[in-house]
Amino acid sequence: MCGIVGYTGGADVGAILVSGLRRLEYRGYDSAGIALHAADDTELTVVKTSGKVADLEACMRVELDPAKSFGRMGIGHTRWATHGVPNEANAHPHATKSVAVVHNGIIENFQGLRDELSAAGHELASDTDTEVVAHLITLNLEQGMDPALATKTALARLEGAFALGIVFAGENDLMIAARRGSPLAIGIGDKDGGEMYLGSDALALAPLTDQIMYLEDGDWAVIRTGGVEVFDEDGHEVSRDIKTTELTGDAIEKGGYAHFMLKEIYEQPQVIGDTLHSFVNQATRSVTMPDLGFDPAKVSKFTLIACGSSYYACMVAKYWLESLARVPVEVDIASEFRYRGADMPAGGVAIFVSQSGETADTLAALRYAKGQGQKILSIVNVPESTIARESDAVLHTNAGPEVGVASTKALTTQITVLGCLVLAVGRARGAIDADTEARLVDALIEVPARAAEVLNHDERLRELAQEIALAPDVLYLGRGTSYPVALEGALKLKEISYIHAEGYAAGEMKHGPIALIDEGVPVIVIAPTDDLFEKTASNMAEVMARNGRVIFFSDATGAKRLGDKTTATIALPDVDPFVAPILYIIAVQLLAYHTAVIKGTDVDQPRNLAKSVTVE
């Protein structure tokens, strides 16, 4: 959610922090700020504002003395509001005369700490939970502790999740980082220059360095020019691996597209192909999985858990696993799952799906499932993420960095990976034979080419978006694997256009939502010609009988049968129903995108949303 960047070295720290914050804009935020410490100064200079990084730059031009050198060290932050409205007072960094702090996460016991600090004479100026960290460290410094001990002592008082970047007045070569729950990475720069970096993810540090150290849960680190010391939560010095990342600045360039979201929609044929290449043997027309840490033939039950769009990927997989692999499946939203106290069976496998691999609710559910004796399999786009590190096995989606807040290519590659897993499980359990596997592998292999064909409907979807943009409400209907597609279509429209939209199982429409049908409510029907097509067609007829305006997403066969009865029809490629959800999701993504553009919303950074949701 919030973003952190830090730097120590001899370059223009202000420029480095701003460029890092720009790379973090994709995470979603509503205010921004920096704290700088010049080589020839004993004080911290803090500049912050509500609004975007561009607003921060404008403030920096006014507030920073150009005669001073701000070329030594500093921290920066983009904030997604939790405690307190977005304004300058609540923006990070939060500072006293002695220390400045940036923070991702939530300090759960902040109110008690705030009362304690107030009683000790500290005046807090914001509504945030974060400000107590700065004052708590300051209180420890006032008691004679050095910065490292003052920080360590303060960390022991904090409850909740946090990633922290901390700098100190009078210490122009010291930055302290700490993480519990929220991710944090340290970048190691050129050895001769001794530059060191801090970021809430590796993307924040590209293209500054490709040498990344990921702090583990409970770690805190003392960072100075040319080196870093890492300690675990007990204070013992530990060693953490330095990994080489392949991320570059090119990963966050629009490449000529109007928005990152559109770029990432158009990247889907390529990244789906890249993902398939990891699991599919085209010569043998079969799926090959890495060591999963369990025997698929002996799994008593699969539990699939995720949030947001990833949850809809799990819903698609539930249909597949039950119908093709013949294994019991439960799907749940991560934020609800762990509070039920679910009794998970012996021999069960829990699958966790997350783009970032840092989703707080999903990670908490993972730890619950692990405590219940489940084998843990994760599907993530970031192999060094916390969810990946805490799993027994990891299946990686090769989507590449996804900058747009609304998930596109991450979702379709998740479904692609799940499709490959389903075939492997089905074969292992004897639920499908080699011929069926080969047929479905062929269908998967065709997806990149068919996805490119879906993109050819871009202009027609733009025309339909003109009508959707005028509607106050939109309904999406689908059956079987098209039901989660309907849910995803509605979510995308809500996320980026701010139009109220709902997805329903088509058979459930007559049990309530049909009351909403009139000529002012577009109804988007997702209906490839599968075994449920006739059922969906009947539900569509019920809508049209009540003057509902149906926008019909089907294939050439379905369009030929029913297209003349609808307000509009999009005929997508004829494919095996097994892979249809992937293609239809791309189509509803494009429709939502063009609707949002017509509405004039911030497509890549929709209001109130964040990319990596690292708070509960």
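If you read the sequence from its start, that first residue is 1, and numbering goes on from there. Basis for what follows: all heavy atoms, side chains included, without hydrogens, waters or symmetry-related copies.
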[atom2] on [Y] to [atom1] on [X], rounded to 0.5 Å:
X	Y	atom1	atom2	value
Cys307	Gln355	SG	CD	12.5 Å
Leu17	Arg22	CG	CZ	13.0 Å
Leu411	Glu264	CG	CD	12.5 Å

Under the ring-ring contact (aromatic ring centres under 6.0 Å, His included) rule, collect the residues that match up with [X], sequence neighbours excluded.
X	result
Phe162	none
Tyr311	none
Tyr593	His259

Any side-chain donor-acceptor pair under 3.5 Å between [X] and [Y]?
X	Y	value
Thr275	Thr413	no
Glu358	Ser385	no
Glu502	Tyr476	no
Thr153	Asn140	no
Ser126	Thr128	yes
Thr96	Thr138	yes
Gln211	Lys243	no
Ser354	Thr359	yes
Gln268	Gln589	yes

*Using a strict cut-off of less than 4.0 Å between a Lys/Arg side-chain nitrogen and an Asp/Glu carboxylate oxygen, indicate whether Asp602 and Arg607 qualify as a salt bridge.*
no
*Is the shortest distance from a Lys or Arg side-chain nitrogen in Asp217 or Arg179 to a carboxylate oxygen in the other one below 4.0 Å?*
yes
*Counting N and O atoms only, with roles assigned by atom type, does the side chain of Asp129 sit under 3.5 Å from a partner on the main chain of Phe110, one being a donor and the other an acceptor?*
no
*Which of parallel (below 30°), tilted (30 to 60°) and perpendicular (above 60°) describes Tyr257 and Tyr266?*
tilted
Mind checking whether [X] and [Y] have side chains closer than 4.5 Å, heavy atoms only?
X	Y	value
Glu495	Val405	no
Ile166	Val99	yes
Leu205	Ile212	yes
Trp220	Leu155	yes
Arg23	Leu208	yes
Val474	Leu493	yes

Under the salt bridge (charged side-chain N to carboxylate O under 4.0 Å, His left out) rule, collect the residues that match up with [X], sequence neighbours excluded.
X	answer
Glu233	none
Glu159	none
Glu488	Lys492
Arg462	Asp458, Glu459

*Count the heavy atoms of every other residue, nucleotide or ligand shown that sit under 6.0 Å from CD of Glu463, and state whether that count exceeds 12.*
yes
*CD of Glu336: more than 12 outside heavy atoms within 6.0 angstrom?*
no
*asked:* Is there a side chain to side chain contact (heavy atoms under 4.5 Å, CB included) between Leu455 and Ile586? Walk through the geometry before answering.
replied: CA-CA 8 Å; Leu455 297 175; Ile586 296 173; 4.0 Å; yes
_Please evaluate residues Glu88 and Ser31 with respect to the criterion side-chain hydrogen bond (donor to acceptor under 3.5 Å, both in side chains), reporting the C-alpha separation (whole Å), side-chain torsions for both, the decisive distance (0.1 Å), and the verdict._
CA-CA 8 Å; Glu88 182 177 336; Ser31 59; over 6 Å; no
*Residue that, paired with His135, satisfies side-chain hydrogen bond (donor to acceptor under 3.5 Å, both in side chains) out of Arg114, Glu123, His122, Glu116*: His122
*Hey, mind stepping through Glu267 and Lys409 against salt bridge (charged side-chain N to carboxylate O under 4.0 Å, His left out) and telling me if it holds?*
CA-CA 7 Å; Glu267 287 175 342; Lys409 62 179 181 174; 2.6 Å; yes
Tell me every residue that passes side-chain contact (heavy atoms from CB on, under 4.5 Å) with [X], counting only those two or more places apart in sequence or in another chain.
X	result
Arg224	Glu171, Asp173, Leu174, Val222
Cys59	Val47, Thr49, Glu63
Ala587	Val454, Phe553, Leu572
Gln270	Asp274

_Among residues at least two apart in sequence or on other chains, which ones pass side-chain hydrogen bond (donor to acceptor under 3.5 Å, both in side chains) with Ser378?_
Ser391
